[in-house]
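The next block holds one structure in the form of structure tokens; read it before the comments.
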Amino acid sequence: MPRKKSTASAKKNTAKNVKKPSGKNNTADKGKKTAKAAPSAADKKSASKKKRVQTLALLRGMKDITPDHSESFVKIFRAADAIATSYGYSYVETPVVEYTSLFVRSLGKGTDVVDKEMYMFEDKDGGKVALRPEMTASVARAYIMHGMHTLPQPVKMWYWGPMFRYDRPQAGRYREFHQFGCETFGERSPVVDAELICVAYNLLRDLGVNASVHINSIGTLQEREQYIIELVGYLRSKRSYLSELSKKRITKNPLRVLDSKEPEDQAVVEEAPQIIDWLSDASKNYFMGVLEYLDEVQIPYVLTPTLVRGLDYYSDTVFEMFADDADGGSQNALVGGGRYDGLVEQLGGQSVPGCGFSFGVERVFAILEKRRRQQNSGQEEEQIAQKDRKGLFFAQLGEQASKRALYLIETLRRDGITVYHNLGKSSLKAQMELAHKHGVTHTLILGQKEVLDNTVLLRDMDSGIQEVIDQNKLKQTLKKMFNL
Ligand code: HAM
């Protein structure tokens, strides 16, 4: 290692050879030199602040759902669970990460989701994997892998979970978002399509969201292929009027030109040949069947010839739902779905038809949150706080009381009474402060004496009045008080 040595010594020599200025300023200059060689405390602080800032940053297009807003999120989940269960759908869960090929084969090359928006990476074994951009493909994979074609058909499944698309974030469009969805496998019948539309539409209605159903049929694969030849010819003849994006799509994914949002494309799209004219009588009759069922259950719909959806697996019925103007209607669909009779076979399974929808949780969440803000804006903060007050706090003093308190809290919870506490705290003052912070109307207080007497104090947090209650009658008293 002679070379290394010489470098080291050269450095040493250079350092040594630096001429130290003499006189008063010596110490100050020494300080300056030290500051250059090693980062100062201030530098270190700012570097660690930068690091912290990055560690605490969210990725673009992703967000937290914090406790102050989570109520609407949980409300949607509970309503989704309730309606899916009531229509006979069973819950299914699939991994967030899947082999990339699953999505490429099902959603299709040339689609925006596959070509531009998938989060793809290699895992440590070199496997090509992706964060799921949607769940229909995963549920179809699960249907095949678990031999669900041997079960009584149709097999009806619902799901809820995060999806990932590396899209340009904007209002209502995130890189991580949640979908609630329902999929029905094993039956091709218009009533299945209509039922799925009912589930999504009724869920929106249950959540108080007024929406319109846009619907179309894109027929079978063969019918679509014929139509695409016609469409491409037409689009080529109008190429100069189209937006740059649509020009590119003529060869890559011509159907997508039809649901272009670019203003300059609208006139061309309006005059475009309509897919319905390329459908066979069988496909038209199937579609009529779906519409008749919708009429029967009085779900209004808008026939939308330009609706083609952006994924390759669809056939026949396709639909989307949009919030009505009163609910801040926008170009963003709240729900998207349709029939996919070729998907299971395409993924290596039997020839099994399927149909389903996915519901964009964040988009509905935004409507509910906006409404909550509007409703609250007319009220005084005090009133809102009063309205939101709920539940009980349980305070205790001493070890015996703490143990007894835990038992009582458990029994109350089982009866649906929300109980806040901090059994780790021993000071009554600290516990009462916490009770105030939770905004509860009443606090239960259990001390040594109450443990021996088998009683508990119930304190009204506003008036400060306390009453003694027999522990055996606690449940009845509270149930009466809280109308449970
Ligand atoms: P999709 O139209 O891609 O269909 O998505 C369904 C819904 O998910 C949309 O209508 C929208 O509400 C929501 N969504 C999509 N992308 C985003 C985003 N970037 N940010 C926020 N929300 C978003 C599917 O995913 C199909 N799997 C639907 C389906 C199920 N077809 C048959 N079965």
Side-chain angles (χ1 to χ4, degrees), residues 59-63 65 73 76 80 84 89 92 94 98 102-103 106-108 111-114 116-119 131-143 156-185 192-193 195-197 199-201 203-204 207 209 211-216 218 256 259 307-323 327 329-344 353-367:
L59 269 70
R60 264 190 90 205
M62 306 211 173
K63 63 185 184 107
I65 294 159
F73 194 79
I76 301 173
Y89 290 79
V92 64
T94 62
E98 298 258 14
L102 171 70
F103 302 114
S106 50
L107 314 185
T111 59
D112 284 353
V113 177
V114 166
K116 300 187 204 154
E117 298 167 7
M118 271 216 286
Y119 277 88
L131 299 184
R132 63 181 180 205
E134 61 107 57
M135 247 178 97
T136 310
S138 303
V139 178
R141 178 198 49 67
Y143 178 91
K156 296 162 76 172
M157 293 182 262
W158 75 274
Y159 53 82
W160 172 288
M163 312 294 151
F164 302 84
R165 294 185 192 176
Y166 195 82
D167 203 349
R168 196 159 47 86
Q170 50 184 269
R173 199 193 288 164
Y174 305 101
R175 287 183 176 171
E176 184 190 25
F177 59 96
H178 293 75
Q179 282 184 345
F180 154 64
C182 288
E183 312 288 350
T184 301
F185 292 88
V192 171
D193 309 33
E195 181 190 87
L196 284 153
I197 293 170
V199 177
Y201 185 83
L203 173 59
L204 287 169
L207 291 166
V209 176
S212 308
V213 180
H214 291 208
I215 192 166
N216 192 21
I218 56 170
R256 285 316 302 262
D259 62 9
L307 177 64
V308 287
R309 309 274 299 135
L311 311 170
D312 274 5
Y313 53 59
Y314 290 113
S315 54
D316 295 290
T317 320
V318 286
F319 58 88
E320 287 181 342
M321 294 182 197
F322 295 86
D327 279 322
S330 90
Q331 290 188 332
N332 284 334
L334 303 178
V335 175
R339 179 155 281 284
Y340 45 83
D341 287 349
L343 177 61
V344 173
C355 190
F357 73 81
S358 307
F359 174 108
V361 175
E362 275 76 3
R363 292 185 183 172
V364 177
F365 173 80
I367 294 173

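Order of appearance sets the numbers: ligands from 1, and atoms from 1 within every ligand. Computed from a predicted structure; not experimentally measured.
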| Would you call Glu320 a ligand 1 contact, heavy-atom distance under 4.0 Å? | no
| Proximal ligand 1 atoms for Gly336, defined as those under 4.0 Å from one of its heavy atoms | 10 (O), 28 (C), 29 (C)
| task | Answer side chain, backbone, both or neither: which part of Leu334 comes under 4.0 Å from ligand 1, heavy atoms only. | result | backbone
| said: Taking 4.0 angstrom as the limit and counting only heavy atoms of Glu134, give me the atoms of ligand 1 inside it, by number and element. | reply: 25 (O), 26 (C), 27 (N)
| Shortest reach to atom 4 (O) of ligand 1 by a heavy atom, considering only Met163, Arg363, Arg309 | Arg309
| Hey, would you say the Trp160 and Tyr89 ring centroids sit under 6.0 Å apart? | no
| said: Suppose we measure from atom 32 (C) of ligand 1 to each protein heavy atom; which comes out shortest, and what is that distance? | reply: Gly356 O, 3.3 Å
| message | Any side-chain to backbone donor/acceptor pair from Arg339 onto Thr317? Under 3.5 Å, distance only. | response | no
| field | Under 4.0 Å to a heavy atom of Tyr340 - the qualifying atoms of ligand 1, by number | value | 32 (C), 33 (N)
| request: Number the atoms of ligand 1 from 1 as they appear, then name those within less than 4.0 Å of a heavy atom of Glu183, with their elements. | output: 30 (C), 32 (C), 33 (N)
| field | Test side chain to side chain contact (heavy atoms under 4.5 Å, CB included) applied to Thr136 and Tyr314, Phe357, Tyr340, Phe103, the passing residue | value | Tyr340
| said: Treating Glu362 as the side-chain partner and His178 as the backbone partner, does any N or O pair qualify as donor plus acceptor under 3.5 Å? | reply: yes
| query | Nearest to atom 18 (C) of ligand 1, what protein heavy atom do you find, and at what distance? | reply | Phe177 CD2, 3.4 Å
| query | Which atoms of ligand 1 have any heavy atom of Gln179 under 4.0 Å away? | reply | 5 (O), 6 (C), 7 (C), 8 (O), 24 (C), 25 (O)
| message | For atom 13 (C) of ligand 1, what's the nearest protein heavy-atom neighbour? Residue, atom name and distance, please. | response | Gly360 CA, 3.6 Å
| said: Main chain of Val113, side chain of Arg165: is a donor-acceptor contact present, judged purely on distance under 3.5 Å? | reply: no
| said: Students often mix this up, so state it plainly: with edges at 30° and 60°, are the rings of Phe322 and His214 parallel, tilted or perpendicular? | reply: tilted
| request: Please write down residue, atom name and distance for the protein heavy atom closest to atom 9 (C) of ligand 1. | output: Ala333 O, 3.9 Å
| query | When you look at OH of Tyr119, are more than 12 heavy atoms from neighbouring residues, nucleotides or ligands closer to it than 6.0 Å? | reply | yes
| Part of Met135 within contact of ligand 1 (heavy atoms, under 4.0 Å) | neither
| remark: Note: ligand 1 atoms sitting under 4.0 Å from heavy atoms of Tyr314 are 26 (C), 28 (C), 29 (C), 31 (N), 32 (C)
| Shortest non-hydrogen contact from Glu320 to Gly336? | CG-CA, 4.2 Å
| query | Nearest protein heavy-atom contact for atom 19 (N) of ligand 1: which residue, which atom, what distance? | reply | Tyr174 O, 2.9 Å
| task | Name the option, out of Phe359, Phe357, Tyr313, Phe319, that contains the heavy atom nearest to atom 26 (C) of ligand 1. | result | Tyr313
| query | To the nearest 0.1 Å, how far is atom 28 (C) of ligand 1 from its closest protein heavy atom, and which atom is that? | reply | Ser358 OG, 3.1 Å
| query | Atoms of ligand 1 less than 4.0 Å from Val335 heavy atoms? | reply | 10 (O)
| Whether Arg309 side chain and Ile218 backbone form a donor-acceptor pair below 3.5 Å | no
| task | Please identify which atoms of ligand 1 are closer than 4.0 Å to at least one heavy atom of Gly172. | result | 20 (N), 21 (C), 22 (N)
| task | State whether the side chain of Arg175 and the backbone N or O of Asp167 hold a donor-acceptor pair below 3.5 Å, judged by distance alone. | result | yes
| query | Quick one: does Gly181 get within less than 4.0 Å of ligand 1, heavy atoms only? | reply | no
| query | Atom CD of Glu176 and atom CE of Met62: how far apart are they, to the nearest 0.5 Å? | reply | 5.5 Å
| query | Between Pro133 and Leu107, is any pair of side-chain heavy atoms under 4.5 Å apart? | reply | yes
| query | So does Glu117 pair up with Arg173, basic N to acidic O under 4.0 Å? | reply | no
| query | Does ligand 1 have any atom sitting under 4.0 Å from a heavy atom of Asp167? | reply | no
| Does ligand 1 have an atom that lies less than 4.0 angstrom from a heavy atom of Glu362? | no
